[in-house]
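Step one of this worksheet: look at the structure below.
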Amino acid sequence: MKEKLFNLPLFSPKFSVFPKMVFKEKFDYHCFMVFNDWFDTFEDFDMLRVFMEAINEPYLYCSVPDFYNCPDLKIEMRLGHANFKIQYLMQDQPEHINHNIGLRISPIAFWYGDSGDWAMVSDLMNNIMIVGCKPAAALNFRADFDGKHFGIEQVIKDKEYIHNFFEKRKNPAAEYAEMDEKLEIIERYK
């Protein structure tokens with residue numbers, strides 16, 4: 001399923017894939033959330049659990065690009081947050097090199113279910129979660145993550161602000177600069 005959902009050949013340890021399209025699957029709805037440390041808090045995990053329950057997805061699949069040498073995980077959501085953390089941090093695999101670090105070794109992680117109706121990419125480098133959904137899953141996602149998601153325009157606005165903030169620190173006379181290929185990026189994630 002991972003190969004069907006994500007543009008895996010684009011991922012590299014040398015650069016961030018975003019703002020290129022991270023999904024191979026064509027989703028009707030894209031949105032973004034602030035990176036939330038891989039659903040580390042119970043509240044964030046519970047929103048994900050409620051969403052998955054609403055779309056009848058009992059298992060969460062988590063993985064990272066292959067070059068990080070981590071196994072793909074299949075996590076039973078009904079077992080709760082504590083079980084999720086044990087598996088995600090690979091605390092149940094003491095012989096593995098990433099024991100107690102787990103999939104956190106990677107700044108990029110893939111999240112998905114059996115249906116292929118939704119997927120997420122957590123992107124630490126850009127401080128975002130990139131979400132793609134098909135129509136039925138999108139309705140539930142919007143309801144279950146209400147107030148937590150935003151559109152591509154906000155992502156671009158935030159990136160432009162940060163870039164211009166640092167430019168102004170180097171050169172107070174610097175003028176506000178818009179992101180390159182801004183319209184193409186908006187079109188890509190609309």
Side-chain angles (χ1 to χ4, degrees), residues 1-6 8 11 16-18 22-23 25 27 29-134 136-151 154-155 158:
M1 181 65 75
K2 180 169 78 170
E3 292 76 16
K4 179 184 177 225
L5 293 172
F6 305 100
L8 296 177
F11 291 90
S16 176
V17 172
F18 180 82
V22 297
F23 301 113
E25 181 70 26
F27 290 113
Y29 173 75
H30 293 101
C31 70
F32 301 82
M33 297 187 298
V34 174
F35 175 75
N36 62 358
D37 199 15
W38 295 283
F39 299 105
D40 189 52
T41 68
F42 174 79
E43 294 77 20
D44 289 340
F45 175 82
D46 201 47
M47 282 187 276
L48 180 63
R49 183 195 57 76
V50 168
F51 165 67
M52 292 182 66
E53 190 174 279
I55 61 171
N56 199 27
E57 292 265 18
Y59 298 103
L60 171 66
Y61 295 87
C62 305
S63 59
V64 297
D66 291 340
F67 45 82
Y68 286 104
N69 192 30
C70 289
D72 293 353
L73 303 177
K74 179 181 179 180
I75 300 172
E76 193 169 351
M77 292 300 285
R78 71 173 181 80
L79 297 179
H81 186 240
N83 177 69
F84 162 77
K85 286 182 76 168
I86 288 167
Q87 289 190 33
Y88 198 77
L89 297 173
M90 297 173 62
Q91 292 173 336
D92 57 346
Q93 298 185 39
E95 72 289 343
H96 197 281
I97 191 169
N98 293 328
H99 176 252
N100 282 331
I101 298 169
L103 277 60
R104 284 183 161 197
I105 193 82
S106 173
I108 295 287
F110 308 116
W111 311 82
Y112 51 101
D114 283 316
S115 69
D117 289 344
W118 67 278
M120 298 182 196
V121 173
S122 54
D123 181 347
L124 176 64
M125 305 281 265
N126 288 294
N127 196 34
I128 55 176
M129 293 284 287
I130 307 162
V131 180
C133 296
K134 293 189 177 169
L139 291 172
N140 287 293
F141 184 87
R142 285 188 203 117
D144 298 330
F145 286 89
D146 187 37
K148 299 287 185 184
H149 55 90
F150 44 88
Q154 185 64 49
V155 175
D158 292 347

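Geometric assessment of Arg49 against the ring of Phe84 yields a negative cation-pi assignment under the 6.0 Å and 45° thresholds.
Atom-to-atom distance recorded for Asp72:CG and Phe110:CZ is 9.5 Å, nearest 0.5 angstrom. Taking CG of Leu8 as the reference point, atom CG of Asp66 lies at 7.0 Å (rounded to 0.5 Å). Atom CG of residue Asn100 and atom CG of residue Asp92 lie 10.0 Å apart, to the nearest 0.5 angstrom. Annotation: the span from Ile86 atom CD1 to Gln93 atom CD amounts to 12.0 Å, rounded to 0.5 Å.
For the pairing with Trp118, the ring-ring contact (aromatic ring centres under 6.0 Å, His included) check across Phe145, Tyr61, Phe51 returns one residue only, Phe51. Of the candidates Met52, Glu57, Met1, Ser115 forms a side chain to side chain contact (heavy atoms under 4.5 Å, CB included) with just one, namely Glu57.
Here the two rings, on Phe45 and Tyr88, have centers that are 6.0 Å apart or farther. Taking the six-membered ring for Trp and the full ring otherwise, the centers of Tyr112 and Phe6 sit less than 6.0 Å from each other.
Counting only distance, with no hydrogens or angles, the side chain of His81 and the backbone of Asp40 share a donor-acceptor pair below 3.5 Å.
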- Walk me through it: do Leu73 and Leu103 pass the test side chain to side chain contact (heavy atoms under 4.5 Å, CB included)? CA-CA 9 Å; Leu73 303 177; Leu103 277 60; 3.7 Å; yes

- Does the side chain to side chain contact (heavy atoms under 4.5 Å, CB included) test come out yes or no for Ile108 and Val17, once each step is laid out? CA-CA 9 Å; Ile108 295 287; Val17 172; over 6 Å; no

- Could you check Lys134 against Ile55 for side chain to side chain contact (heavy atoms under 4.5 Å, CB included), going step by step and ending with a plain yes or no? CA-CA 11 Å; Lys134 293 189 177 169; Ile55 61 171; over 6 Å; no

- Task: Show your reasoning for whether side chain to side chain contact (heavy atoms under 4.5 Å, CB included) applies to His149 and Met33.
- Result: CA-CA 5 Å; His149 55 90; Met33 297 187 298; 3.9 Å; yes

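Within the 4.5 Å cutoff, no side-chain heavy atoms of Val64 are placed close to those of Phe11. Looking at Gln87 and Lys85, their side chains never come closer than 4.5 Å, going by heavy atoms from C-beta outward. Residues Glu53 and Asp144 form no side-chain contact, since every pair of their non-hydrogen atoms from C-beta on lies 4.5 Å or further apart. For the pair Pro107 and Tyr68, the minimum side-chain heavy-atom distance is below 4.5 Å.
Residue Asp44 comes nearest to Phe39 through the heavy atom pair O-CD2, 3.5 Å, listed as atom of the first residue, atom of the second, then distance. For the residue pair His96 and Pro71, the shortest heavy atom distance occurs at NE2-CD, 3.9 Å. Shortest non-hydrogen contact noted between Cys70 and Met90 is SG-SD, 4.4 Å. What you find for His99 and Pro94 is that their closest heavy atoms are CD2-CA, 3.3 Å.
Around atom NZ of Lys2, more than 12 heavy atoms belonging to other residues, nucleotides or ligands sit under 6.0 Å away.
Using cut-offs of 30° and 60° for the angle between ring planes, the Phe141 and Tyr29 rings count as tilted.
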Scan the side chains in residues 119-131 for donor-acceptor partners under 3.5 Å anywhere in the protein, sequence neighbours excluded, and list what turns up.
residue, atom, partner, partner atom, Å
Ser122, OG, Trp38, NE1, 3.1
Ser122, OG, Ala109, N, 3.4
Ser122, OG, Trp111, NE1, 3.2
Asp123, OD1, Met125, N, 3.1
Asp123, OD1, Asn126, N, 3.1
Asp123, OD2, Ser16, OG, 3.4
Asp123, OD2, Asn126, ND2, 2.8
Asn126, OD1, Lys159, NZ, 2.7
Asn126, ND2, Ser16, OG, 2.8

